[in-house]
2 protein chains.
Amino acid sequence: MSDDLDTVFAALADPTRRAILSMLLEDDMAVTDVAEPFKISLAAISKHLGILTRAGLITQEKRGRVKWCKLEPDALRDASVWMQGFGQFEPINLDAFERFLARELDAGS
Amino acid sequence: MSDDLDTVFAALADPTRRAILSMLLEDDMAVTDVAEPFKISLAAISKHLGILTRAGLITQEKRGRVKWCKLEPDALRDASVWMQGFGQFEPINLDAFERFLARELDAGS
DNA sequence: GCAATCGTCAACCATTCGGTTGAATATGCT
DNA sequence: AGCATATTCAACCGAATGGTTGACGATTGC
């Protein structure tokens with residue numbers, strides 16, 4: 001459990017991996033397509049995807065010869081909840097609160 | 001900005017540092033007192049505190065010969081906001097929502 | 001003044017990390 | 001069958017990480 005937080009936060013600590021997650025926010029992608037906008041090698045991207053997978057932040061499903069990468073946002077929940085534990089010391093953040101609420105209402109209807 | 005996320009997430013990726021943050025949630029502490037429950041050396045703790053400071057997660061103020069460590073939860077906000085961007089894909093999390101709301105009400109009165 | 005306490009610095013060590021390159025393994029196309 | 005495409009594996013490299021120990025600079029109290 002604490003170990004999960006280790007791997008999740010470590011995975012998030014790299015800008016390339018965060019960029020990959022943002023890309024996957026749009027849509028599921030094949031490994032080669034994930035790699036396309038980056039300057040680094042495909043093998044490096046493959047490693048990053050392995051780290052994201054081990055952290056539970058994405059899942060990879062091989063269909064034919066292409067492996068599809070899918071965002072798995074549930075894994076962020078534990079980390080998010082952990083961070084919220086510190087929120088009580090923040091001045092009340094109405095902006096964040098209202099955005100949160102708006103999203104909930106929008107998604108719920 | 002993306003660089004900030006790097007250092008914040010990297011700082012959170014270590015269980016010792018997360019434990020330190022949790023301790024500081026209770027109260028401000030001197031470096032020696034922070035180190036007390038851990039088995040590792042004082043120098044190692046000093047390094048961890050340096051990393052947390054550089055990430056902006058704590059501040060350290062030297063008063064006399066003792067250096068006080070204080071939680072700085074604002075630094076978590078950017079990281080938290082970044083993570084919330086993925087929240088819209090989560091199923092509605094009413095538990096978290098209600099806890100959030102309860103804290104806001106409690107802190108606000 | 002002097003000894004004890006608080007904390008950091010410097011050098012070192014083993015391990016991990018992010019990257020490369022080249023070979024290997026599937027799978028698909030014709 | 002044979003070639004191209006998709007992805008990973010393996011070995012390697014330099015830099016960063018988390019830890020240690022011992023010396024050092026401040027500060028406090030007797």
Side-chain angles (χ1 to χ4, degrees), chain A residues 2-24 27-72 79, chain B residues 2-24 27-72 79:
Chain A
S2 173
D3 206 28
D4 287 355
L5 285 179
D6 282 20
T7 56
V8 169
F9 281 129
L12 295 178
D14 184 278
T16 301
R17 288 193 289 265
R18 288 199 306 276
I20 291 174
L21 291 179
S22 294
M23 290 166 59
L24 292 177
D27 209 349
D28 299 358
M29 295 178 81
V31 173
T32 306
D33 295 332
V34 169
E36 197 271 330
F38 297 98
K39 289 192 295 285
I40 64 181
S41 70
L42 184 60
I45 295 291
S46 182
K47 280 191 191 177
H48 281 306
L49 291 172
I51 290 169
L52 289 171
T53 300
R54 253 169 275 125
L57 290 165
I58 68 171
T59 51
Q60 293 183 285
E61 183 198 355
K62 192 169 179 182
R63 222 155 40 225
R65 76 180 151 179
V66 18
K67 204 165 186 177
W68 293 92
C69 305
K70 183 182 187 320
L71 193 63
E72 211 61 55
Chain B
S2 173
D3 207 28
D4 287 356
L5 285 179
D6 282 22
T7 55
V8 169
F9 281 130
L12 294 178
D14 184 279
T16 300
R17 288 193 289 266
R18 288 199 307 277
I20 291 173
L21 291 179
S22 293
M23 290 166 59
L24 292 178
D27 209 349
D28 298 358
M29 295 178 80
V31 173
T32 306
D33 295 333
V34 169
E36 198 270 331
F38 297 99
K39 290 192 295 284
I40 64 180
S41 70
L42 183 61
I45 294 291
S46 182
K47 280 192 192 178
H48 281 305
L49 291 172
I51 289 169
L52 290 171
T53 300
R54 254 168 276 127
L57 290 164
I58 67 170
T59 51
Q60 295 183 282
E61 183 198 354
K62 192 168 181 181
R63 228 162 28 230
R65 79 179 149 180
V66 15
K67 204 166 187 176
W68 293 92
C69 305
K70 183 181 186 323
L71 193 63
E72 212 60 57

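To find a chain, count down the sequence lines: A is the first, B the second, and so on, and within it residues start at 1.
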Rounding to a whole Å, what distance do you find between B/Ile45:CD1 and D/dT21:P?
-> 14 Å
Can a side chain N or O of B/Ser46 be found less than 4.0 Å away from OP1 or OP2 on C/dG7?
-> no
Side chain of B/Arg17, backbone of B/Ala10: donor and acceptor closer than 3.5 Å?
-> yes
Does B/Leu12 offer a backbone N or O that forms a donor-acceptor pair with the side chain of B/Arg18 under 3.5 Å?
-> yes
Between A/His48 and A/Asp14, is a side chain to side chain contact (heavy atoms under 4.5 Å, CB included) present by the stated rule, with each step listed?
-> CA-CA 9 Å; A/His48 281 306; A/Asp14 184 278; 3.7 Å; yes
Atom-to-atom span, CG of A/Asp6 to C1' of C/dC17 - whole angstrom | 15 Å
Can you check the B/Lys47 NZ to D/dT21 C1' distance for me, whole Å?
-> 11 Å
Name the nucleic acid region contacted by A/Ala43, choosing base, sugar-phosphate or nothing; use a 4.0 angstrom heavy-atom cut-off, strictly under.
-> base
So does A/Lys62 get a side-chain nitrogen or oxygen closer than 4.0 Å to the phosphate oxygens (OP1/OP2) of C/dA26?
-> no
Walking DNA chain C from its 5' end, the first of A/Ala10 and B/Leu49 to be reached, judged by nearest nucleotide, is B/Leu49
Tell me what B/Arg17 touches on the nucleic acid: a base, only sugar-phosphate, or nothing, going by heavy atoms under 4.0 Å.
-> sugar-phosphate
Note, A/Glu72 side chain near A/Leu57 side chain (heavy atom, < 4.5 Å) = no
Report the nucleotide, chosen from D/dG19, C/dT21, D/dG18, that has the shortest atom-to-atom distance to any side-chain atom of B/Ile51.
-> D/dG18
Within the distance-only criterion (no hydrogens, no angle test), does the side chain of B/Ser46 pair as donor or acceptor with the backbone N or O of B/Leu42 below 3.5 angstrom?
-> no
Out of C/dT8, C/dG19, D/dT7, minimum distance to the side chain of A/Lys67 belongs to D/dT7
Would you kindly give the CD1-to-P distance between B/Ile20 and D/dG18, to the nearest whole Å?
-> 11 Å
Integer-rounded Å distance: C/dG7 P and B/Ile58 CD1 = 12 Å
Nucleotide of D/dG19, D/dG18, C/dG19 approaching A/Ile40 most closely (side-chain heavy atoms) = C/dG19
Nucleotide C/dT5, atom P - distance to CD of B/Glu36 in whole Å = 15 Å
Between C1' of D/dA23 and CG of B/Leu42, the distance in whole Å = 14 Å
Round to a whole Å and report the spacing from CH2 of B/Trp68 to P of D/dT27.
-> 17 Å
Contact under 4.0 Å: B/Ser41 side-chain N or O vs D/dT20 OP1/OP2 | yes
Minimum-distance nucleotide (side-chain atoms of A/Arg65 versus D/dA4, D/dT8, D/dT20) | D/dA4
Nucleotide of C/dG19, C/dG7, D/dT7 approaching A/Ala44 most closely (side-chain heavy atoms) = C/dG19
Answer yes or no: is there a side-chain heavy-atom contact under 4.5 Å between A/Ile40 and A/Thr16?
-> yes
side-chain N/O A/His48 vs C/dG19 OP1/OP2, d < 4.0 Å = yes
First of B/Ala30 and A/Val66 reached from the 5' end of DNA chain C, by closest nucleotide | B/Ala30
